[in-house]
Asker: 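Got a structure for you, written out below as structure tokens; questions coming shortly.
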Amino acid sequence: MTSGTAALQERRYRILVTGYAISSYGTFLNVVALSLYVYAVTDRALAVGVFMAVRLAAGFVAGLASAAVLARWSPKGVMFWANVAQAAALLLLVLAPDGFRTGTLFAVSAVVGASGTLFMVTLRSSIPDMVGEGRHTWANSLMVSGRSMAMVAGFASSGVVVSLLGYTAAFLVDMATFLVCALTVLLLPMPMSPARGDEESDDEKGSQGGGQEGEGADGPGRRRVPAALVALGAVPVLGLMVALRGIDALGSSSHNAALPVYSTELDADNPAVFVSVFWCVWALGNVLVQQVLQRYTKRTGRSVGALGFGLGTIAMSGTFILAFAGLPWAATVLVALLAGAADGLTEVSYTSHLQTLPSPLRTHAFGLSATVENLGFGVGMIVVAAALDVFTPLSVVGVAHGAAIVLALVYVARVLRGRGAQEAGEAQETHEAQEAQEAVPASEAREGKQVEQGEQGEQGKGESGAGPARGGHRDGAEVSGG
């Protein structure tokens, strides 16, 4: 790849990340605005919970279906229409008559949940094709940095936008952010729909990955599960890694649900202060660690890898537990900064590791990962909400993130054991290669001596009587004996 081509790829990827950050702002603005709007329309807290459940369920299903979707559409087409679908759903909500608002809200929840998951699976699995080899960590860091800043901006401005401009204006702003992202997707040098040959090639790879002949006749629905299982076995400890990601999502649900409760306990008159400060500092830590990762990768040419994911998960879960321990403000701010840094490290290392898979299996792995994450977060929100009515925020977050720490320790032990076995194997191979190299000169000397002594034996054969019957099958040292 020429430097000009690489520079063009990087420039277009930066434009895409800018569009993704803008749409992420819309997504986080949506989280607040839509939840408040659901409560305003229905006047029931249960409806807000059902709204979130529909959104997570749609994301769960989209994760399962993502591989099949990408087998029929190009990544560019999926990302483009995922943004257009979210924009169209918000426009429909704005135009919906009063009597249809409730039904439209839940339709919007499903569309936003499914489209958002499809976009993220496609983006993550397509990054290696967008930026080329050796640039994964940089690309993932840039993506996570943009999303972190958008998260803070979305949460911070949501109250102001809704209060000053109203729900309709908030939804139109959201719609505009998704359309901007769709336009940046159009700038990618990729086709909108896959060529027929590429589609057949991907199907064949998926069938081979499933390890079962004849599945193609039954359609892609039966190929997805075997291919996903193959993806889990294609990289060492990948299955455990995805499971840890699911438990981590459960832990994330615990601190997301517990933060408002804990903040209210700290200051009942201004409960939003602690939450706002915590997430702003968290985002700062996330952005800072991305800068460190980018410089580390550029200087060493290495990524943090699978071990970084495990260690980052331990650090992240530990710091989130400490955030609810009633520490002084200065210590809590430092904890939030470290939590954001650890969260950014796990996100980049996890995504980069899955991107080492071949293209067909990579799509299945990211789809399965999205499904597991949605399941962990959804189940966590239900369990945690019930637990917070009985237990303290510290105990609830401690149990949820403690489970993540335990599994992360098992994961780290497996990774280190695998590295030890790999290093031992490489050392053995190196030792054997050195022995072979040392044996080559001695063997050549013996062969030369064999030729020389064979000629002498041939000349004195009649006198010594040491013909082929005595030494013809040996190495020549005894051929001339007599």
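Here the structure is a predicted model, which means the values were calculated and not measured. One-based numbering along the sequence shown.
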Asker: Can you tell me if S23 uses its side chain to pair, donor with acceptor, with the backbone of Y20 under 3.5 Å?
Answerer: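 Yes; at least one donor-acceptor contact below 3.5 Å.
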Asker: Does F106 have more than 12 heavy atoms from other residues, nucleotides or ligands lying within 6.0 Å of its CZ?
Answerer: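 Yes, CZ of F106 has more than 12 neighbouring heavy atoms, counting only those of other groups under 6.0 Å.
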Asker: For a quick test of reading the model, state the closest non-hydrogen atom pair linking W279 to V152 and the distance between them.
Answerer: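 Closest approach of W279 to V152, heavy atoms only: O-CG2, 3.7 Å.
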Asker: Check whether more than 12 heavy atoms from other residues, nucleotides or ligands sit under 6.0 Å from atom CZ of R414, and answer yes or no.
Answerer: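 No, because the 6.0 Å sphere around CZ of R414 holds 12 heavy atoms or fewer from other groups.
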Asker: Give a yes or no on whether the backbone of T122 and the side-chain of S125 come within a donor-acceptor separation of less than 3.5 Å.
Answerer: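 Yes; at least one donor-acceptor contact below 3.5 Å.
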Asker: Of all the heavy-atom pairs spanning Y411 and L240, show the shortest one and how long it is.
Answerer: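 Smallest interatomic distance, heavy atoms only, reads CA-CD2, 3.5 Å.
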Asker: Sub-3.5 Å donor-acceptor pair from the side chain of D343 to the main-chain atoms of A339, do we have one?
Answerer: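 Not at all, since once roles are kept as given, no pair shorter than 3.5 Å links the two residues.
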Asker: Quick one: are L16 and L187 in side-chain contact, heavy atoms under 4.5 Å?
Answerer: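 Answer no - side chains too far apart.
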Asker: If you compare all heavy atoms of F278 against all heavy atoms of L259, which two are closest, and at what distance to 0.1 Å?
Answerer: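 Where F278 meets L259 most closely, the heavy atoms are CD2-CD1, 4.0 Å.
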Asker: For a quick test of reading the model, state the closest non-hydrogen atom pair linking V287 to M149 and the distance between them.
Answerer: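 In this case the closest contact between V287 and M149 is CG2-CG, 3.7 Å.
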Asker: Are the side chains of Y25 and V173 in touch, meaning some heavy atoms are under 4.5 Å apart?
Answerer: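 They are in side-chain contact.
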Asker: Who passes salt bridge (charged side-chain N to carboxylate O under 4.0 Å, His left out) against D389, sequence neighbours left out?
Answerer: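 Applying salt bridge (charged side-chain N to carboxylate O under 4.0 Å, His left out) to D389 gives none.
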Asker: Taking the side chain as every heavy atom from C-beta outward, state whether L293 and N140 have any pair of such atoms under 4.5 Å apart.
Answerer: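 Side-chain contact under 4.5 Å: no.
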Asker: To the nearest 0.5 Å, what is the distance between OH (Y262) and NE2 (H255)?
Answerer: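 That separation rounds to 14.5 Å.
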Asker: Give, for atom CZ of F80 and atom OG1 of T184, the distance between the pair rounded to the nearest 0.5 Å.
Answerer: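 Here the interatomic distance stands at 10.5 Å.
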Asker: Return the CG to CG distance between D174 and N30, rounded to the nearest 0.5 Å.
Answerer: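 Here the rounded value is 4.0 Å.
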Asker: Where the side chain of S109 meets the backbone of L105, is there a donor-acceptor pair that is under 3.5 Å apart?
Answerer: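 No.
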Asker: side-chain contact (heavy atoms from CB on, under 4.5 Å), that's the test. Do F377 and F60 meet it? Break it down for me.
Answerer: CA-CA 10 Å; F377 194 85; F60 178 89; over 6 Å; no
Asker: Between T371 (side chain only) and G367 (backbone N and O only), is there a donor and an acceptor less than 3.5 Å apart?
Answerer: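 Yes; judged by distance alone, with no hydrogens or angles, the pair exists.
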Asker: Heavy atoms only: give me the nearest A257-V384 pair and the separation to one decimal.
Answerer: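 Closest approach of A257 to V384, heavy atoms only: CB-CG1, 3.6 Å.
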Asker: Given side chains that start at C-beta, do those of R147 and M120 come closer than 4.5 Å, heavy atoms only?
Answerer: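 Yes - at least one pair of side-chain heavy atoms lies under 4.5 Å apart.
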Asker: Establish, from distance only, whether the side-chain atoms of S369 and Y350 form a donor-acceptor pair under 3.5 Å.
Answerer: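 There is such a pair between these side chains.
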Asker: Would you mind reporting whether Y167 and V94 have side-chain heavy atoms less than 4.5 Å apart?
Answerer: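 No, side chains not in contact.
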Asker: Under 3.5 Å, side-chain donor or acceptor atoms of residues 245-252 against the rest of the protein: list the pairs with distances, not counting sequence neighbours.
Answerer:
| from | atom 1 | to | atom 2 | distance (Å) |
| --- | --- | --- | --- | --- |
| R245 | NH2 | E347 | OE1 | 2.5 |
| S252 | OG | D248 | O | 3.1 |

Asker: Does A87 have any side-chain contact (heavy atoms from CB on, under 4.5 Å) partners at least two apart in sequence or in another chain, and if so, which?
Answerer: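 With neighbours one apart ignored, the set is M175, F178, L179.
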Asker: Verify, without hydrogens or angle tests, whether S349 (side chain) and T346 (backbone) share a donor-acceptor contact under 3.5 angstrom.
Answerer: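 Yes: the side chain of S349 pairs with the backbone of T346.
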Asker: Roughly how far apart are M52 CE and I382 CD1, rounded to 0.5 Å?
Answerer: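 With rounding to 0.5 Å, CE (M52) is 11.0 Å from CD1 (I382).
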Asker: Please evaluate residues L354 and R124 with respect to the criterion side-chain contact (heavy atoms from CB on, under 4.5 Å), reporting the C-alpha separation (whole Å), side-chain torsions for both, the decisive distance (0.1 Å), and the verdict.
Answerer: CA-CA 9 Å; L354 261 63; R124 288 173 174 172; over 6 Å; no
Asker: Out of V333, V335, L334, which one pairs with L327 under the side chain to side chain contact (heavy atoms under 4.5 Å, CB included) rule?
Answerer: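 Going through V333, V335, L334 one by one, the side chain to side chain contact (heavy atoms under 4.5 Å, CB included) with L327 is satisfied by V335 alone.
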Asker: For T392 and S395, work out which heavy atoms get closest and say how close.
Answerer: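 Heavy-atom minimum between the residues: O-OG, 2.8 Å.
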Asker: Got L357 and L238 here, is their nearest side-chain heavy-atom distance under 4.5 Å?
Answerer: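 Yes, side chains in contact.
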Asker: M241 vs V415, test: side-chain contact (heavy atoms from CB on, under 4.5 Å). Steps then yes/no.
Answerer: CA-CA 10 Å; M241 182 182 249; V415 171; over 6 Å; no
Asker: Report the C-alpha distance between I405 and I321 in whole Å, list the side-chain angles of each, state the deciding distance to 0.1 Å, and finish with yes or no for side-chain contact (heavy atoms from CB on, under 4.5 Å).
Answerer: CA-CA 11 Å; I405 290 175; I321 293 173; 4.2 Å; yes
Asker: Within the 4.5 Å heavy-atom criterion, are S148 and Q290 side-chain neighbours or not?
Answerer: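 In short, these two side chains do not touch, never coming nearer than 4.5 Å.
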Asker: From Y37 OH over to F51 CZ, what is the distance, rounded to the nearest 0.5 angstrom?
Answerer: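 CZ of F51 is found 11.0 Å from OH of Y37.
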Asker: Look at the side chain of N83 and the backbone N and O of M79, then say whether any donor-acceptor pair between them is shorter than 3.5 Å.
Answerer: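 Here the side-chain-to-backbone pair exists.
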Asker: Please examine the side chains of T351 and H136, heavy atoms only from C-beta on, and report whether any two atoms are closer than 4.5 Å.
Answerer: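 No, their side chains stay 4.5 Å or more apart.
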Asker: Supply the atom-to-atom distance L70 CG to W73 CH2, rounded to the nearest 0.5 angstrom.
Answerer: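 Rounded to the nearest 0.5 Å, the CG-CH2 separation comes to 11.5 Å.
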